[in-house]
Each structure stands twice: as structure tokens, then as C-alpha cells.
Amino acid sequence: MSVLIQPLAVSAYTATSALGHGLESHLAALSTQRGGLRENDFSSAPLACWIGRVEGVEDAPLPAAHAAWECRNNRLAWLGLQQDRFLDRVLDARQRYGASRVALVLGTSTASIGATEEGYRHLDDEGRMPPELRRPPVHAPHSLAGFVAEALGLEGPCLTVSTACSSSAKVFANAERLIRLGLADAAVVGGVDTLCDSVLFGFNALELVSPEPCRPFDQARHGISIGEAAGFALLERVNAAPDAPRLLGYGESSDAHHMSTPHPEGLGAELALGDALARAGLRASQVDYINLHGTASQKNDEVEAALVARAFPASTRASSTKGFTGHTLGAAGILEAVVALLAIRENFVPGNLGCTHPDEACGPQLALKSEPHTVNVALSNSFGFGGNNACLAFGRAPA
Amino acid sequence: MSTLNVCVEGMGVWSPLAGDFEALKAMLAGAPTEAPPARPTASTLPANERRRAPESVLLAVEVAGQAVAMSGYDAAELPCVFSSAYGDQLISDYMCATLASAPAELSPTRFHNSVHNAPAGYWTIATGCHATSSAISAGRASLGAGLLEAATLCAAEERPVLLVCSDIKGNGPLGDMSGTKSSFGIALVLSPAATSRTVAQLELHLVPHANHALRPAPATGAWYETNPIAASAWPLMQNLAKGEGECTLAAAETLALRVVLETSA
């Protein structure tokens, strides 16, 4: 069913997470095995766990012109947009194509619910939102994309994708379709999720949060560590940036199994993988690196490890980088897409921080330590609640 | 290119006043209609899921089930796009209130039902659908952006697609912010080319910089103004009922979607 797509150029990309602001801090941390998790110092009530918190968000208010959008999630978005000259690259694309020809598709699961939570902690005497938070657009899932569209001055198709932890992976698919049909000439894709009580106490209630820094794929793993991140990429047709790395394909599927547990045989994950390889015109043996979803939950890692072990040869390297950043939920798709792009740029495979004794289901592909490795093709897996799966395929521009 | 052509092959509607498309047509024609049950039936869900499912899921599944039944397609084969301006506002209100008073008591079930893709999750589980499913939002433009997204998926992949746009009535301080005072959902099954099941053809045109055309009309107090999906869908629903007409939907802050609806003879 899936048809080959024309690759798109990823002409600019950036990420901001617990590892730092921008690509170079990510590269430095990933290549030296320096994780970014810390003991939880964020939630409004104590909760013993580890988190991936971005430094400096509190000190980065939005410009006065956009103050109506003020909240932690949009602050992190704004901070993220300013790294790696990403903002300049978008403004340049806007100039070249026109504001209405650049689409904006952003993934988020938290959006700015943190601001809504804050309002509920400080309701006025009549039980209403306090005056400083009486800003309706902030209390909606579209807050992030609404703010970024305004901040970047983009007037093309504008969409929020909110499919839990696959949100900011799926945005690449939305953008590819818009460009393929000629409804846009370029697209800014990405996503931002921020720490908030909803996710910290929510995953805690599901007994999915680890009391120690998360250990993806380790036999002794005890669940996830939640993180926050912002990441963005600019997609254009290949002729506009012939030397840029490429989006080769993507796959999307539904488990049709359970709201909060993956399919036991990884059916949906395998469908998404097959879809991505088919659209990219790739065989599994051509994949050099896979950035795994690898949340460190018992079930996800067991199912994903088995899928990689059966679908790929030993020459493919694979790792989860959530031990470095925590699980950044709705931002995980873009953050890990950026890690895959960095692996291609630098010819290296980041190690699977936190894992010393791999689960029995793991094959020889799992890279425990960061290592130099030729990476021409890299995949990134993202699986979300509701059985929502996405797999992205990136590749180096042909020499 | 900024034009898309798709065909409508199934429709579903639910509002507190009209529980399906036939009732809506009768209402538009001024005939008396019977109000549907307060809780949408959502008969596509197995009985145990129906009891557990939150209101946003019941509403979305109800209209999705109507549209797919009319289209005759197998729901398992349809990629689906679920659009909502606010998601499950009742769960968000519950969560924010609980987090403010006793965060450790947060319900795990309500938390996993709070994800924006809960309707897509319940729907794909109930129908055994392994195709792509999405949950999107675009504020007040959630209907137009949803239609654009579903039509894009339909045209790009050349396969029929289910679109569901719905928002439930809000509650508490958050409901005060969203201003959503009634529940409403609409679903369309779109196909890339006309078939014997086609009920209407849609020509979609992107109209950029349409600030003026998108300025909301002065409020009249009509029921549909109290729901972001219904407010956008009102002109489109009238055209669907008539079998012809043009309307302009917001697809983004300044981007309009002109929808020309025709019924082939």
C-alpha cells in the first residue's frame, strides 16, 4: 500500500533538552556519555523520581509582543527556536517562498497544560482562572502552534498533532503530504513538551515512573524518567538544499490493542517500520542506526527489543537515548529525529545510557556505549499511548 | 497547487438537538425533531468500553460510527483523523483540580484517557484498525484544518479517510476559558475519487491572507455558536443538507479554506 516518496531536504534542525541548548551541547553529551537527568525538583508537590529538566527556561520570558502566549511550554519553544540559527533559517524560507507557502506542523502532548494547572492552584475568590492567566488560547492544545505561527509570521497550513508520544514524529508525515500535493513549498515541523504535574503525577499513577534514572533495555529497568524538550526542523524540496540530510520515509500505524500498553508482539510497531522502509525504498540491511523508542518501561522495551532483533541484521546499530534526556513525551519524536540526524552528520552511534545488562530480548544491535560508525541511513521510532506508532527514516545526501 | 478534490461518502452528526444527519436535515427544514439521549450511544464500542469511555470518546465514536456505516467501508481499513479544539475538557478540569488539591490521588485511568488521541485510540481498538490514526487541533480552526488534513491524506495516499471533528461541553475554570457550552461532533468519510457511494463532491481551495473573511460574524445567540466545531461547521452542514453551496472555513489564523460542494446528477 505504501508508495515510494520523493525525499525532502531537512535544511535546518535543532534541539533543546536536558542535555543543553542546541546541537553542539547534544553532540558533546551524547559522545561522552554524559546524561542530563536530575532528581525531581520540579513538581508542585514532592515526587521521588528523576527528570530531564531544561536549564534556563525560567529566565527566558517571551518578547513583549507575544506576552499573551506566556507559559513554560511556549518559553521552551522560543528558547529552542533561537538555537543553531534556526529562527534565521525559517525567516529566510519565509522570504523565499512567502509566508502562506510555509506550513507549520507541531507535535505536543502537554501543550501548555502546566499554565492551566497553575491557574487551578491560584483560582480567584469566585473559583475562576486568576486574572493573569485569563488568556484562553494558552489553555488549549493548539497553544504551541498558535504561538510559533505568530512568532515566525507563518501563514500557511498550521496544525497541532497530539498523539501522545508519537506526536512530533508524525509531523514529518503531515508536512511531506502537504509539500507533495503542492499545498506548501516548505514546512517547519517539530514539537515541544514541558514538565508539568499532569505528566509527572499521571505516569506515577500508572506506576510507570522509575525511582532511579531510567535504564532503557536493562534487565533491572524500573520505568521511565520524564523529560522536556523543544526541537524543530525545516523541510524543503531537495533542489532547494541538495547537500542537506534527507527525510527518506516515514511510517504510521495503529496497534488496535490497548490504550496504555503496546501490542505484545509489536504488531503496530512493525507495521510502522515496514511502512517507513517501503516509502524510503530501503531494505532493513541498509539501516545503519536506529534511535529506539526505548522508554525503559517493562513492556515497551521488551516488545521493541524483540522487533529489532528479528527485523535487522547484526550490522545495524540501535540505542535509546532516553537515559540521557528522559522521555520527553510529545517532543520525543523530534528530539530523537535530531539525534538520528546528528548520528548521520557525525558518523557516530550514541550509546544506550543506563543499560549495563541488556534484556534477554535484545539482539546484537544494541549499542551500550557511544561509538564511531558510518551512518548513512538512520531510523527513529516513536510509539504513543492509544497504540499510535511512527517510524522516521533519514539519510545522508548522496555525494 | 492549492486546490484539492475529494468526495464525501459518509456523514455523521451529533448535537444535543439532532442525533444524526437525518435529524439535522429535518431540523434545518424546520420539522420537529426528537433530541437524542444525553450520552451519545457510540454503539461501535463494545459494551464494557462504552461504560468506561469518557464523554469525548463517546461523542467522537458516535459520529465516526454513523459516517462509516453510511459509507459502507470497513472501518478497519480507513486511516482516521480526529480533530478537536479542546480534547476532553472534563478530564482536564478534573486533573487540574485534583493536581491542585491532592496530586498523588490522580486517577491512572483518567490520566490515560486524557491524551488528545483517546478517541482515535478507542476507535482503532474497537474497529481493529491498524491504519494511521491521528489526533489534531487547530483552535477555532479545528474543523477547517481537520478537513484540510483529512483531504490531504486522502489525496496523497489515494485512499478513503475518516475525518472526525468534535468538542464536548466544558466545565469549571477551564470551561470558562474555552467557552464551550454544548457538545457537537461531525464526521465525514472522504474518498479520492467518485464511486457509487459518493453523496457530494468537495472542491477545496486554500485562500491565504484571508484575515477579513475569517472575522467571526456577530453573535446571534444560536446554539451552534457555543461550540467551536459547530460554529465552523454550521455553513458546511447546511450545504451538505442541500447538496450544494459554497462556504469559507478557517484553516488557520489567516488561512481560509473555500469549500465548494456539488452533487453530481
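Per chain, numbering begins at 1; letters A, B, ... match sequence-line order. Heavy atoms only: backbone and side chains are in, while hydrogens, waters and symmetry mates are out.
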| Heavy-atom pairs under 4.5 Å with chain B, option from A:Ala256, A:Ser43, A:Ala45, A:Ser254 with the top count | A:Ser254

| query | Quick one: what part of A:Leu123 sits under 4.5 Å from any heavy atom of chain B, side chain, backbone, both or neither? | reply | side chain

| request: Please report the closest heavy-atom contact between B:Met177 and A:Arg135, naming both atoms and the distance. | output: SD-N, 3.9 Å

| said: Counting heavy-atom pairs under 4.5 Å with chain B, which one of A:Val161, A:Val105, A:Asp124, A:Thr110 comes out on top? | reply: A:Val161

| note | Scored by heavy-atom pairs under 4.5 Å with chain B, the best of A:Pro141, A:Gly146, A:Ser253 is A:Pro141

| note | Rounded to the nearest 0.5 Å, the OG1 atom of B:Thr132 sits from the CG atom of A:Asn389 at a distance of 9.5 Å

| said: Has B:His112 got a side-chain atom pairing as donor or acceptor with A:Ser260's backbone, closer than 3.5 angstrom? | reply: no

| request: Could you tell me whether a side-chain N or O of A:Asn388 sits under 3.5 Å from a main-chain N or O of B:Ser133, the two making a donor and an acceptor? | output: yes

| field | Contact origin within A:Asn204 toward chain B - heavy atom pairs under 4.5 Å | value | neither

| task | Just give me the residue among B:Gly121, B:Cys96, B:Cys80, B:Ala100 that pairs up with chain A most often, heavy atom to heavy atom, under 4.5 Å. | result | B:Cys96

| query | What part of B:Thr152 is in contact with chain A, defined as an atom under 4.5 angstrom from a non-hydrogen atom: side chain, backbone, both or neither? | reply | both

| said: Below 4.5 Å, heavy-atom pairs only: which of A:Gly202, A:Pro136, A:Ser100 has the largest tally toward chain B? | reply: A:Gly202

| query | Would a 4.5 Å heavy-atom cut-off, applied to side chains only, mark A:Pro157 and B:Leu148 as touching? | reply | yes

| query | Using non-hydrogen atoms only, which part of B:Leu257 is less than 4.5 Å away from chain A: side chain, backbone, both, or neither? | reply | neither

| message | If you count heavy-atom pairs within less than 4.5 Å of chain A, which of B:Leu153, B:Asp176, B:Asn113 leads? | response | B:Leu153

| Is there a donor-acceptor pair under 3.5 Å between the side chain of B:Asn117 and the backbone N or O of A:Phe385? | yes

| Considering all heavy atoms, the nearest A:Gly156-B:Leu255 contact | C-CD2, 3.7 Å

| message | Using heavy-atom distances under 4.5 Å, tell me whether B:Phe82 contacts chain A through its side chain, its backbone, both, or neither. | response | neither

| task | Answer with side chain, backbone, both or neither: which region of B:Ala145 has an atom nearer than 4.5 Å to a non-hydrogen atom of chain A? | result | both

| Close side-chain approach of A:His257 to B:Ile125, heavy-atom, < 4.5 Å | no

| Over all atoms of both residues, closest heavy-atom pair of B:Leu174 and A:Thr116 | CD1-CG2, 3.8 Å

| task | Could you tell me which portion of A:Leu271 (side chain, backbone, both or neither) has an atom closer than 4.5 angstrom to a non-hydrogen atom of chain B? | result | side chain

| Nearest non-hydrogen partners of A:Leu181 and B:Ala155, listed with the distance | CD1-CB, 3.9 Å

| request: Show your working on salt bridge (charged side-chain N to carboxylate O under 4.0 Å, His left out) between A:Arg177 and B:Glu149 and close with a plain yes or no. | output: CA-CA 9 Å; A:Arg177 292 188 286 261; B:Glu149 168 58 15; 3.4 Å; yes

| request: Measure distances from B:Ala251 to the heavy atoms of chain A and classify the residue's part below 4.5 Å as side chain, backbone, both or neither. | output: backbone

| Interchain contact, A:His122 with chain B, by part (heavy-atom threshold 4.5 Å) | neither

| Side chain, backbone, both or neither: which part of B:Ala118 has a non-hydrogen atom closer than 4.5 Å to chain A? | both

| task | Name the member of B:Gly144, B:Ser107, B:Ala120, B:Ala85 that forms the most heavy-atom pairs with chain A at distances under 4.5 Å. | result | B:Ala85

| query | Which one, A:His139, A:Met259, A:Arg121, leads in non-hydrogen pairs under 4.5 Å with chain B? | reply | A:Met259

| Heavy-atom pair of closest approach, residues B:Ala156 and A:Arg180 | O-NH1, 2.9 Å

| note | Scored by heavy-atom pairs under 4.5 Å with chain A, the best of B:His209, B:Met95, B:Gln89 is B:His209

| request: Check B:Leu106 against A:Ala205 and note the closest heavy-atom contact, atom names and distance. | output: O-CB, 3.4 Å

| remark: Bottom line for A:Leu133: the part with an atom under 4.5 Å from chain B's heavy atoms is backbone

| task | Any chance you could measure A:Asp197, atom CG, to B:Thr98, atom OG1, to the nearest 0.5 Å? | result | 11.5 Å

| Between A:Ala164 and chain B, which part of the residue has a heavy atom less than 4.5 Å away: side chain, backbone, both or neither? | both

| field | Most contacts with chain A, counted as non-hydrogen pairs under 4.5 angstrom, among B:Pro208, B:Ala135, B:Ser134 | value | B:Ala135

| Do B:Phe111 and A:Phe201 have ring centres separated by under 6.0 Å? | no

| Greatest number of heavy atom pairs closer than 4.5 Å to chain A - which of B:Ser178, B:Ala252, B:Gly139, B:Ser84 | B:Gly139

| request: Using a 4.5 Å cut-off on heavy atoms from C-beta on, say whether the side chain of A:Ser162 contacts that of B:Val115. | output: no

